[in-house]
Amino acid sequence: LLIPLTPLIAFESRDYLVIDTLIKSCHSDTESCKSALLKIHSYQKNAALNKKFSCQTRLLGLEATLIMAMNDHLKIQETQNIIQAVKKYC
């Protein structure tokens, strides 16, 4: 019973910080967005496998947000709402 909880705890602490750092660097360097997208996509697939659909939905939204950021159609302040949602639901 404790084994399924371990990935969620890891996501909330260490992995969330990795994603947050990647997202911040994405706004200054679009090449780093590719790394962020790959990492977030991996978390999104794991959320789906674990039937954490609220988390998966937010991560999909974050992926879309980063794609817009890569195309210079988004400012970092606009990203904060989706990041907060990811933090809450994941």
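Expressed to the nearest 0.5 Å, how far OH of Tyr89 lies from CG of Leu59 amounts to 13.0 Å. Here the CG-CG distance, from Leu37 to Leu66, works out to 5.0 Å after rounding to the nearest 0.5 Å. Once rounded to the nearest 0.5 Å, the distance linking CD1 of Ile23 with CD of Gln80 reads 8.5 Å. The distance from atom SG of Cys90 to atom CD1 of Ile83, rounded to the nearest 0.5 Å, is 12.0 Å. Distance check: Cys33 SG to Leu38 CG gives 11.0 Å after rounding to the nearest 0.5 Å.
Considering only heavy atoms from C-beta on, Val86 stays 4.5 Å or farther from Cys55 through its side chain.
For Ser42, the side chain to side chain contact (heavy atoms under 4.5 Å, CB included) test picks out Asn46, with sequence neighbours left out. Checked against side-chain hydrogen bond (donor to acceptor under 3.5 Å, both in side chains), Gln44 has the following partners two or more places apart in sequence or in another chain: His41, Gln56. Listed by chain and number, the residues in a salt bridge (Lys or Arg N to Asp or Glu O under 4.0 Å) with Lys39 amount to none (sequence neighbours excluded). Ser25 meets the side-chain hydrogen bond (donor to acceptor under 3.5 Å, both in side chains) test with Ser32; sequence neighbours excluded.
Residues Ile67 and Leu62 fall within the same hydrophobic cluster, defined by Ile, Leu, Val, Met, Phe, Trp and Tyr side chains chained together at heavy-atom separations under 4.5 Å.
Shown here for Ile40 and Glu63, the closest heavy-atom pair between the two residues is CG2-CG, 3.6 Å.
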